[in-house]
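Quick notes on the structure that follows.
Every heavy atom of this structure was used, including side-chain atoms; hydrogens, water molecules and symmetry mates were not. Whatever order the structure lists ligands and atoms in, that order sets their numbers, starting from 1. All residue numbers refer to positions in the sequence shown, counting from 1.
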Amino acid sequence: MNTFVQNQTSMKFFIDTANLDQIKEAQDLGVLDGVTTNPSLMAKEGIHGDARVKQHYIDICNIVDGDVSAEVISTDFAGMVREGEALAALHPQIVVKVPMIKDGIKAIKYFSDKGIRTNCTLIFSAGQALIAAKAGATYVSPFLGRLDDNSTDGMDLIAQIRLIYDNYMFDTQILAASIRHTMHIVRCAEEGADVATCPLSAILGLLNHPLTDIGLAKFLADFEANK
Ligand code: E4P
């Protein structure tokens with residue numbers, strides 16, 4: 001565990017889905033700070049076609065108060081700029097999600113110079129996180145679960161990026177992604193991730209402990225017996 005001094009009041013919770021019901025459920029809980037989507041998550045909800053995709057992003061923005069990541073499909077600089085500018089124009093909460101590729105870095109620099117916020121996605125190394133921060137990314141998304149799936153500790157990457165960003169006071173926020181379970185969230189908080197984007201199941205999993213259930217059942221039983 002590191003000993004960094006965090007300059008925000010708490011780790012932000014984003015939900016990693018394009019499902020409106022799940023976004024509403026997390027929002028109703030009162031702890032939601034934003035949403036991340038990706039083309040796979042949009043496809044899972046059956047959202048396709050330019051107009052429907054754009055309307056879906058607006059619908060998400062109307063549910064939550066925080067940032068909503070919307071990913072470009074293009075992989076060339078001109079295409080990413082065109083798509084990103086159109087996405088950013090949809091709603092002030094939109095953050096343009098750009099893949100970690102050469103033209104993506106050029107696009108992030110372009111967007112940063114224009115005041116358009118970005119989330120550099122598919123981060124799997126500290127070097128990638130460093131160059132994304134240099135280009136002015138608002139967020140970087142290291143994919144913890146996919147690293148763990150490949151016998152590499154994703155949490156080590158969070159710690160490494162935290163150290164580098166703190167060394168040079170980069171403003172770029174570490175948005176821990178590809179989170180699979182509650183302990184990923186807890187470990188992200190220990191390592192100083194700025195944001196954890198999680199499936200609803202992992203957020204709700206934080207509520208669980210059998211001793212809480214046993215303790216509450218006993219309190220209620222004792223109350224009834226004492227009536
Ligand atoms: C986040 O921005 C990513 O889209 C997401 O967390 C990827 O998660 P997965 O590895 O579970 O697909």
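- Considering backbone and side-chain N/O of R146, one or more are found under 3.5 Å from N/O of ligand 1.
- Partner of D67 under the side-chain hydrogen bond (donor to acceptor under 3.5 Å, both in side chains) criterion, chosen from R117, K12, Q93: R117.
- Applying side-chain contact (heavy atoms from CB on, under 4.5 Å) to Y139 and the options L175, T118, T197 leaves one that passes, L175.
- Distances between N or O atoms of S141 and those of ligand 1 include no value under 3.5 Å.
- Using a 4.0 Å heavy-atom cutoff, K97 is listed among the residues neighbouring ligand 1.
- The cluster map of Ile, Leu, Val, Met, Phe, Trp and Tyr, joined by side-chain heavy atoms under 4.5 Å apart, puts L41 and L90 in different clusters.
- Looking at ligand 1, you won't find any N or O of T37 less than 3.5 Å from one of its N or O atoms.
- In this structure, K24 does not pair ionically with D28, as no charged nitrogen and carboxylate oxygen lie closer than 4.0 Å.
- Nearest protein neighbour of atom 3 (C) of ligand 1, counting heavy atoms only, is F143 CZ, 3.5 Å.
- For the pair D16 and ligand 1, a heavy-atom separation below 4.0 Å is found.
- Residues I73 and I105 are members of separate hydrophobic clusters, defined by side-chain heavy-atom contacts under 4.5 angstrom among Ile, Leu, Val, Met, Phe, Trp and Tyr.
- The nearest heavy-atom contact from the protein to atom 11 (O) of ligand 1 is R180 NH1, 2.7 Å.
- Considering backbone and side-chain N/O atoms, T197 never comes within less than 3.5 Å of an N/O atom of ligand 1.
- Of all protein heavy atoms, the one lying nearest to atom 4 (O) of ligand 1 is N38 ND2, 2.5 Å.
- Judged by distance alone, the side chains of D59 and Q55 do bring a donor and an acceptor atom under 3.5 Å apart.
- Checked by distance only, ligand 1 and N119 stay at 3.5 Å or farther apart across all their nitrogen or oxygen atoms.
- A salt bridge links R162 with D194: the closest approach of a Lys/Arg side-chain nitrogen to an acidic carboxylate oxygen falls below 4.0 angstrom.
- When only non-hydrogen protein atoms are considered, atom 8 (O) of ligand 1 lies nearest to S178 CA, 3.4 Å.
- In the hydrophobic clustering of this structure, L216 does not group with F223; members are Ile, Leu, Val, Met, Phe, Trp, Tyr whose side-chain heavy atoms approach within less than 4.5 Å, directly or through other members.
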